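In this text, all values refer to a predicted model and were calculated from it rather than measured experimentally.
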Amino acid sequence: MVAKILSGALSGVAGIMIEVEVDMAGGIPAFDIVGLPDSAVKESKERVRTAIKNGNILLPPKRITVNLAPADIRKEGPAYDLPIALGILACMGIIPMAALRNVFVAGELSLDGELRPVAGVLPMVHSAVQTGITTCIVPYVNGEEAALVQGARVIAPKNLSELVGHFKGRFIPEYRREATTEEIRSPESLLDFGDVRGQENVKRALAIAAAGGHNILLIGPPGSGKTMMARRLPGILANLHFEESIDVTKIYSVAGMIHDKGTLVRTRPFRAPHHTVSYSALVGGGRIPKPGEVSLAHHGVLFLDELPEFSRNVLEALRQPMEDRTVTISRANSTMTYPCNFMLVASMNPCPCGFFGEGDKCKCTEREVGKYLDRISGPLLDRIDMHVEAARVNYEDFETETRPKSSADIKTEVERAQHIQAQRYANEAVKANADLDSGLIEKYCPLDDDCKALIKRVYDVMGLSARGYHKILKLARTIADLAGTPNIAREHISEAIQYRALDRKYWN
């Protein structure tokens with residue numbers, strides 16, 4: 001007699017249905033698991049055997065064979081404990097076979113039969129519902145997370161004995177959670193731009209970056225407030241929509257980083273890895289591939305402080321994700337793709353000591369400055385939309401009685417500009433100006449003759465690349481949106497050009 005239960009595996013942030021087949025037959029007592037399992041799956045037999053025994057159920061001395069199909073997909077992690085246990089109990093006649101048909105099951109068993117949470121429940125349940133399986137059995141701690149999927153009927157027992165009772169008529173109430181398509185409100189505790197004195201040009205640039213989803217590089221001496229302002233950026237980003245929140249929560253679920261199980265990720269991610277971060281930690285990978293920092297920053301911000309201190313090969317790995325908004329990790333037996341639509345915010349000093357251009361304070365030689373700046377390659381620099389200089393703050397800025405513009409005020413402007421973009425691109429595959437390709441730029445960034453003449457002169461004088469030219473147009477489009485004007489004007493082009501000129505000052 002063979003019992004069949006549906007469970008799941010992960011490929012990137014997508015779920016894959018796995019069929020767990022359990023056979024119990026006569027012969028020499030044994031417990032084998034086949035179907036390309038890893039060590040954690042192979043160890044399931046010890047957890048399952050002991051959990052069933054501690055539930056006052058005696059396993060018969062028979063040969064138990066478990067097959068995880070399809071056999072060409074590697075199975076990882078402890079999520080197969082519960083479906084294996086249910087398959088064995090069904091073969092023993094303790095629970096009816098019919099009760100396990102068209103039911104998704106995942107969960108880790110402790111030795112006393114308690115159910116422990118597993119990573120990746122949200123994408124696996126989402127995949128199950130898409131294939132027509134609506135009843136899902138997951139550990140109690142994962143219950144609310146699974147209930148985020150619309151159309152899922154979630155059963156979330158606390159232990160194996162409770163679940164056995166459910167199949168015998170002592171039903172466990174299902175989780176019920178009303179999904180919403182409203183915005184996910186950010187907490188009010190975010191850092192405020194109203195605390196920052198001076199640096200109005202940097203605040204303006206960050207508002208433009210937030211409104212259009214543009215990458216930005218801040219260059220300035222130590223103490224000019226680069227890091228302080230970058231860490232206040234989440235406070236002016238538009239609120240997450242429900243669909244975006246689900247996307248981010250899927251990634252954090254796969255990474256096992258949802259600490260408050262069952263809740264959505266409610267704020268736009270802000271990831272700030274240390275400059276010693278490895279290649280695989282940044283873009284994803286490892287022996288068992290996991291999302292990297294670029295994916296954990298999906299729909300949010302990736303902040304790289306002291307950019308030249310990062311390893312050269314690590315920085316170069318950002319080039320493809322910044323263009324494609326996805327990162328693909330290839331291994332001998334699988335290929336995984338993770339989304340990574342992030343906004344890059346980077347900061348750096350203008351020279352090793354940080355005081356370049358300040359007379360006797362800077363002790364760096366021209367060679368040392370050049371070597372330091374050359375750690376940032378031209379292709380990477382070209383992919384950063386905005387280059388902004390953060391000058392030293394003047395004493396008068398601290399004495400002024402004028403209250404700086406608060407994050408709430410800036411956020412209102414950003415949301416108004418993003419609303420304009422949402423209406424403009426309602427029938428397109430993009431949502432923000434930074435995502436426009438050359439065809440859409442031609443369609444949505446028309447220029448009058450005066451603007452064309454200006455940008456032609458700048459293109460020839462600055463020696464812009466085609467990418468640099470397009471980035472100026474996208475920046476001008478965002479500046480016009482912030483101004484609330486439907487057409488790009490000369491002043492919008494002029495301001496956008498300023499944000500592409502700073503690299504000529506330092507890198508030349």
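Val254 and Pro123 make their closest contact through CG2-CG, 3.8 Å (heavy atoms, listed as atom of the first residue, atom of the second, distance). Val265 and Ser245 get closest at one heavy-atom pair: O-OG, 2.7 Å. Here the shortest heavy-atom pairing between Pro308 and Arg375 reads O-CD, 3.1 Å.
A salt bridge links Arg500 with Asp382: at least one charged nitrogen is closer than 4.0 Å to a carboxylate oxygen. With respect to Lys203 and Glu200, a salt bridge is recorded, a charged nitrogen being found less than 4.0 Å from a carboxylate O. Electrostatic pairing of Lys474 and Asp385 does not count as a salt bridge here, judged by no charged N lying under 4.0 Å from a carboxylate O.
A donor-acceptor contact closer than 3.5 angstrom links the side chains of Ser311 and Asn313. Under 3.5 Å, the side chains of Asp192 and Ser407 contain a donor-acceptor pair of N or O atoms.
In this structure, CD in Glu389 is found 9.5 Å from CD in Gln199, a value given to the nearest 0.5 Å. The CD atom of Glu491 lies 7.5 Å from the OG1 atom of Thr485; values are rounded to the nearest 0.5 Å. Atoms CD and CG, on Glu144 and Asn142 in that order, are 11.0 Å from each other to the nearest 0.5 Å.
In this structure, the side chains of Leu36 and Ile73 stay at 4.5 Å or more apart for every pair of heavy atoms. Using a 4.5 Å heavy-atom cutoff, the side chains of Asp247 and Pro339 are not in contact.
Checking side-chain atoms of Asn349 against main-chain N and O of Pro352 turns up no donor-acceptor pair under 3.5 Å. For Asn215 (side chain) and Leu344 (main-chain N/O), a donor-acceptor pair under 3.5 Å exists by modelled atom type.
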Salt bridge (charged side-chain N to carboxylate O under 4.0 Å, His left out) between Lys371 and Glu368, worked out:
CA-CA 5 Å; Lys371 187 176 180 181; Glu368 289 173 336; over 6 Å; no
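Checking Asn201, Ile208, Leu206, Val202 one by one against Arg204, the side-chain contact (heavy atoms from CB on, under 4.5 Å) holds for a single residue, Ile208.
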